[in-house]
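Chain letters run A, B, ... following the sequence lines, proteins first and then strands; every chain starts at 1. Note that these values count all heavy atoms, side chains included, but never hydrogens, waters or copies made by symmetry.
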Amino acid sequence: MGEMTEAITSAAPSKARRAAPIGPGRLLSWTLFIFGVLYFALPLIGMFEFSLRKRRGAYSFDAYTSVLGDPQFQATFSYSLIMSVVTIALGLLLVLPAALWVRIRLPAMRPVVEFITLLPLVIPVIVIAFGYLRMFNTSSFLPMTGTVMTTNLLLAFGYSTLALPYMYRAIDNGLRTLDVQTLTEAAQSLGAGWFTILFRIMLPNVFTAVLSGAFLTFSIVLGEYVFAALLDRPAFGPYMIWIGGNKAYEPAALAVIAFAITWGCMGLIQLAGRLAPHTRAAR
Amino acid sequence: MAFLEIANLQKSFGSAHVVKDFSLGIDKGEFVSLLGPSGCGKTTVLRMVAGFETPSAGGIHIDGRDVVALRPNARNIGMVFQAYALFPNLTVAQNVGFGLKVAGVGRSEADARVTEMLALIGLPDLGGRYPFQLSGGQQQRVALARALAVRPKVLLLDEPLSALDAKIRVSLRSEIREIQQRLGITTIFVTHDQEEALSMSDRIVVMNGGVAEQVGTPFDIYNRPQTRFVAGFVGTLNAFEAVVTDPASGAVTLDGTPMELGQPLSVPSGARIGIALRPEAAHLGRAPGREVVLRGRITEVHFMGSVIRVRAEVAGVALSLDTFNRADTPPPPVGSETEISVAARDFIVLGR
Ligand SMILES: Nc1ncnc2c1ncn2[C@@H]1O[C@H](COP(=O)(O)OP(=O)(O)O)[C@@H](O)[C@H]1O
Ligand SMILES: [Mg+2]
């Protein structure tokens with residue numbers, strides 16, 4: 001949209017633009033902007049309005065109290081919340097050292113690593129899930145589906161895989177803003193080992209980036225259905241599908257709640273970026 | 001064995017032989033500069049001492065201990081980089097205290113050391129700032145304090161002044177040198193700037209193509225360059241070709257003017273030899289003690305205040321010469337014919 005309006009405004013003679021502040025180009029860009037806002041806002045407003053209509057004849061938050069009070073909701077949501085924390089930790093432990101290593105020692109391998117991290121976007125989840133079930137079923141050499149704990153772990157591994165493209169890109173982007181090579185050498189010459197370099201130097205400096213990766217991971221884990229269903233774990237994704245098929249107003253309320261959480265997270269990222277004392281945003 | 005002993009050091013990257021048979025002994029407390037053009041291998045030598053590169057061959061001993069097999073974080077070496085490399089997420093005080101914290105130094109001792117270091121670099125009140133709130137010169141001083149806080153055995157500086165403004169660059173030179181002398185720390189300073197090397201160092205190693213061309217005091221390097229490269233790289237040089245008339249006594253003729261260079265020459269009679277003159281060794285007009293008189297024509301005059309740099313065409317060569325300003329003698333006009341006098345023994349004989 002931006003490019004189009006730009007082309008149009010620049011095609012208009014500059015004299016005319018100076019004379020009339022609301023020329024045809026500007027009018028068009030406003031129209032497009034308002035159209036865009038409506039395009040996104042109307043369904044949201046509609047959904048919100050619908051979610052308030054559970055009580056006949058009056059607006060109410062009944063659908064919300066019904067959803068939030070549902071023990072199923074509470075159980076699946078907290079399960080997925082915990083799973084997302086585990087997944088984020090796993091992803092971070094996997095991606096941060098890897099991304100750093102690639103930047104410092106194997107810059108030539110970057111395209112390969114980037115390709116690998118993109119694979120989860122290309123390979124359907126169902127394929128990965130069936131692969132897992134084949135590799136780790138109860139009669140395999142590593143029967144991870146045998147107990148609840150190991151199944152949970154397997155699920156977290158699956159989630160980390162799904163989150164890999166986002167986590168890697170977020171962290172790699174964060175590292176790009178730093179002179180990682182020299183910072184690493186400075187830390188090494190001061191006696192620091194890899195653990196210190198990773199967690200005292202790199203992590204705090206890419207914190208905002210990590211946070212956005214973490215947030216994407218969180219939303220992936222909350223919405224993921226296939227893994228959880230195939231591994232038969234009580235996650236939030238299957239619950240949303242179930243409620244979508246069995247209730248009328250509650251799914252809309254759930255969607256609004258999901259939006260609120262999403263926006264809350266985005267706000268938190270912004271806030272973290274602004275509050276971090278050393279970032280340039282603070283200048 | 002010297003405090004820091006580098007012996008027959010070599011380094012290749014693939015087929016590129018970057019450092020070739022580099023040897024150097026540095027005494028405790030000495031300030032040695034590696035001076036040379038970009039790409040001559042200075043940084044590579046420094047990084048091998050620091051442990052960031054593994055030598056292809058050769059040895060490095062610090063305080064009698066072979067460090068080649070040691071990791072960088074076990075070598076107890078302080079390093080200052082051109083790009084400052086302060087940790088952006090830590091305050092100035094935390095940056096300076098970083099190495100102490102890693103080493104497990106107690107809180108109160110570490111705090112005292114940080115305070116001492118900040119005082120040393122003249123920034124006692126900036127401990128609470130973040131790196132982005134400092135100027136380049138301040139950042140580099142903090143980087144120096146950070147490197148020194150852990151009391152390293154050796155301090156390595158890789159072009160630490162190259163990213164700074166000209167003015168700060170000059171003032172930081174003397175500041176770094178003063179701190180180095182006060183702490184008596186053994187230091188290797190890498191630079192491509194001959195003025196920096198000449199003004200700061202106890203000794204200079206002039207490097208070219210991965211080898212040390214000459215090692216000596218700044219005075220030696222400037223006045224008695226042993227190779228053509230050193231003579232040309234350090235300071236301004238006016239090079240002439242003379243014809244040898246008597247190699248044993250060092251007699252030559254320059255543009256028909258006979259002179260005695262005062263040293264035996266290793267070329268046969270009748271051969272041509274390169275000789276050179278520093279700008280300050282040539283004198284406008286005649287003067288006692290400068291027995292060789294050459295005729296020239298003034299082509300340029302640059303009045304720089306206390307010094308006047310004059311260019312003249314002498315013996316078919318554009319010669320630069322410096323004279324001090326004197327209020328009663330205006331510089332000669334461009335285009336005028338002049339006499340230029342030189343002491344024959346001030347000529348540098350260009351060898352290889
Ligand atoms: N890691 C490396 N891989 C390949 N070549 C390198 C590497 N580091 C340095 N070089 C090469 O070695 C030569 C010397 O580099 P360097 O020591 O940085 O020179 P200086 O510091 O004197 O400018 C250069 O030609 C450079 O391209
Ligand atoms: Mg260099």
Note to self: Is a donor from one side chain sitting under 3.5 angstrom from an acceptor on the other, for S12(B) and H17(B)?
What the structure shows: yes
Note to self: Applying side chain to side chain donor-acceptor pair (under 3.5 Å) to N152(A) and Y79(A), what does each step give before you reach the verdict?
What the structure shows: CA-CA 10 Å; N152(A) 286 342; Y79(A) 176 82; 2.6 Å; yes
Margin query: Using heavy-atom distances under 4.5 Å, tell me whether A83(B) contacts chain A through its side chain, its backbone, both, or neither.
Written below: side chain
Item checked: Partners meeting salt bridge (charged side-chain N to carboxylate O under 4.0 Å, His left out) with E5(B) (sequence neighbours left out) -> none
Only pairs under 3.5 Å count here: list side-chain donor-acceptor contacts from residues 194-202 of chain A, not counting sequence neighbours, and write none if there are none.
none

Check: Cut-off 3.5 Å, side chains only: do E159(B) and T191(B) have a donor facing an acceptor?
Finding: no
Margin query: Counting only non-hydrogen atoms closer than 4.5 Å, does A147(B) touch chain A with its backbone (N, CA, C, O), its side chain (CB onward), both, or neither?
Written below: backbone
Item checked: Geometric cation-pi criterion K20(B) and F22(B), 6.0 Å radius, 45° cone -> no
Checklist line | Interface residues of residues 165-180 of chain A facing chain B - heavy atom cut-off under 4.5 Å | finding: L178(A), D179(A)
Item checked: Contacting moiety of R146(B), where chain A heavy atoms sit under 4.5 Å -> both
Check: Under 30°, 30 to 60°, or over 60°: which ring-plane class applies to F81(B) and F52(B), parallel, tilted or perpendicular?
Finding: tilted
Notebook entry, point to check: Can you pull the salt bridge (Lys or Arg N to Asp or Glu O under 4.0 Å) pairs that have at least one residue in residues 177-190 of chain B, sequence neighbours excluded?
Noted result: R177(B)-D202(B), E178(B)-R182(B)
Next item on the list: Please determine, among P72(B), A149(B), G51(B), the option with the most heavy-atom pairs under 4.5 Å with chain A.
Entry: P72(B)
Item checked: Contacting region of L156(B) [heavy-atom separation from chain A under 4.5 Å] -> neither
